[in-house]
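Note that the structure is predicted; figures quoted are calculated from it, not measured. Here is the naming used below: chain letters follow the sequence lines, and residue numbers restart at 1 for every chain. Only this structure's heavy atoms are used, side chains among them; waters, hydrogens and symmetry mates stay out.
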There are 2 protein chains.
Amino acid sequence: MQPFMYYNPTKLLFGKDQINQLSNEIGKYGRKILLVYGGGSIKRNGVYEKITYELKKANVEWVELMGVASNPKLSTVRRGIDICKREKIDFILAVGGGSVIDCTKAIVVGAKTEADVWNIICRKTRAIDGIPYGSIVTLAGTGAELSLSAVISNEETKEKRAFVSSFSRAKFSIVDPTLMISVPKKHTINGVVDTMSHLLEHYFHHGNNTNIQDEFLEAALRNVATTGTKLLQDLSNESYRETIAYASSIALSDQMNMGFVGDWGTHHIEHALSAVHDIPHGGGMAILFPKWMEYVLDDENVSRFKRFAVNVFGVDPSGKSDKQVAQEGIESLANLWKEWGAPSSLEHYDIHDDKTFSLIAHKTMETAPNCGNFRRLQKDDVLQILQKSL
Amino acid sequence: MQPFMYYNPTKLLFGKDQINQLSNEIGKYGRKILLVYGGGSIKRNGVYEKITYELKKANVEWVELMGVASNPKLSTVRRGIDICKREKIDFILAVGGGSVIDCTKAIVVGAKTEADVWNIICRKTRAIDGIPYGSIVTLAGTGAELSLSAVISNEETKEKRAFVSSFSRAKFSIVDPTLMISVPKKHTINGVVDTMSHLLEHYFHHGNNTNIQDEFLEAALRNVATTGTKLLQDLSNESYRETIAYASSIALSDQMNMGFVGDWGTHHIEHALSAVHDIPHGGGMAILFPKWMEYVLDDENVSRFKRFAVNVFGVDPSGKSDKQVAQEGIESLANLWKEWGAPSSLEHYDIHDDKTFSLIAHKTMETAPNCGNFRRLQKDDVLQILQKSL
């Protein structure tokens, strides 16, 4: 293992009806709350009512920032910062999936400085403080509730940047699967793919003496694969929602990658891709990850892919070359996601040619000059992976 | 799953040479340190030198509390509290295994109150504050470095009590396997058994929708079983030490039991047993756990034991009844520990008859009236398990 530091002081409140803990928790931190959410689905599915009931019970005032879109935009972050400063907000409550939580992570640091928040996101300026915040997850997948990092899109420059700050750790995160029952199929697919993609990024690493951790990842991947299939046939099943929510939360909590560093090259490519084309992250990962696997598989790393095929998808290795087994594993993953209805090529998002690929590859290398830890990618590698994705 | 709260803000610094982080960490918290350790092995194996080098580097003063014994004694706790009050200690550094860390957990709360610490340990008085502390683990097994609970023995009344306080969470814990290389075989065996016993206590539960967690536990158990065997043949192997240290730390970190509650009945019996006979906890668990398994196995819970046998020890179920498979699993565990040289009966500790059993059973029920969650035990059950252990 590589020496590591694990420090995750977010209080996770997980399970059925944990939303009822909100008034308790929020009362500890703030009197004037900024409630951040997305397109308004929480007003249709009863979640907004549950939350405002708890806010009233805690006897706190609140103002609202609505309309955080997927691939959260810098302009929305700026809007949130303005409200925080004007209204003297002392706590932020993010209600949604990764986009809402990521947007909040940027607001909390931006509201405590006179510096431009984009400079903080681009790591040119250091965050000096942060408004405390909590999150309520209504869409499983990104694991943003237990992670430090956030990804923000600058819609003017078409840049998408990931940043990390010690102030962007939630005080508490409520993950209540009963809030996820009404998530539509399309978003559910993207969420489950996103969870698997985090586990997969961890899995492809060159660490040593990590067999326990590798078996944990394999177990999580197997279970998410199986439960994902069941959930997509029975979207309102609370147990399946619970399993996926659990896997999603732990996948990015740093519990699943103790002592080694995963690849993450595909995430870098996807961030550049969705900066240019504004497609959903989970959809982008569904297209790119199997293509990345096909592209980087070689004689030196085949044993890792073979292990993946056998231990995650139960591929029978007898009578086959290592490469054949490895390829069957990759196909199994691609087929699984295809069966779910996840996109498998860029055509799905009306990207029919390679016109933007040079720009995407350029942006990938610009934000991630060291792109990929399992296999270091250069610009030409990124271009070839994009070509395969058409 | 049962709804759960996961909150573990201890900073874990894990891996080779992480001891070099000590001066950085300790400098954040204290100027006058109480250094708590055990019988002095750290003076013989170079650990004491490394630590005092770091303390000097951090430019802190320190005083020492040496001689914490296994099954840490209330009198030692009181001695530590006196030093803290007299010397105005503002940070405690525990260096050792579970005994030293548990002793420290009691000192930190006792030093911040005028109340009798035994009343806090017996949950008659609430802890009101705690001196911050950090731990450096030199013996893997108890997982005390990431847990809240501590067990203290009152040598006058022959009582052993477990207590939990929100102040007994370490600020940081350094788990550096290079510090464990010289741990003698006997202590190593007890540590590995203790780690397995924590995973086993988790594993026997009645939760539902916990397949991911169950597979995590099975993976950890398989790996600790295999690596334990290798380590005991090659005690100075750094990789094996690392694997066991990692498993030990996560086993009691609350990461391995999210959404369900394990049994813990055998731990209650062992605490009473070692309160009366002052035997090592790992040794007691090695004797008791397989006997508990044999005793509680019945037609209703056989599927759990069968799963254990197949998934942890690879027992082939074909042509066998569920009960036969279950029993083979229990035998596999007992045989593994016997091969390691762990005690398998109370004879090992010169307990040749049942004279003290009634007292032990009485103490078990006194401290744990609801003894065991997988199978609730009454006093007679405890007596029978003890009888089987002779």
*Given a strict heavy-atom distance threshold of 4.5 Å, which part of A:Glu242 is in contact with chain B: side chain, backbone, both, or neither?*
both
*Could you please state which residues from residues 243-253 of chain A sit under 4.5 angstrom from chain B, measuring non-hydrogen atom to non-hydrogen atom, sorted by number, or 'none'?*
A:Thr243, A:Tyr246, A:Ala247, A:Ile250
*Can you tell me how far the OH atom of A:Tyr7 sits from the CG atom of B:Asn8, to the nearest 0.5 Å?*
10.5 Å
*Atom CE of B:Met5 and atom CD of A:Gln21: how far apart are they, to the nearest 0.5 Å?*
8.5 Å
_Taking 4.5 Å as the heavy-atom cut-off, does anything in residues 165-180 of chain A contact chain B, and if so which residues?_
none
*Residue pair B:Tyr6 / A:Gln255, side-chain heavy-atom distance below 4.5 Å*: yes
*asked:* Quick check on the structure: residues of residues 127-144 of chain A within a heavy-atom distance below 4.5 Å of chain B, by number.
replied: none
*Check whether more than 12 heavy atoms from other residues, nucleotides or ligands sit under 6.0 Å from atom CD of A:Glu238, and answer yes or no.*
yes
*asked:* Using only non-hydrogen atoms and a strict under-4.5 angstrom cutoff, which residues of residues 201-212 of chain A touch chain B?
replied: A:Asn209, A:Asn211, A:Ile212
*If you look at every heavy atom in A:Lys16 and B:Pro3, which pair is closest and at what distance?*
O-CG, 3.6 Å
*If you count heavy-atom pairs under 4.5 Å with chain B, which of A:Arg222, A:Gln213, A:Glu218 comes out on top?*
A:Gln213
_Keeping A:Gln18 on the side-chain end and B:Phe4 on the backbone end, is there a donor-acceptor pair under 3.5 Å?_
yes
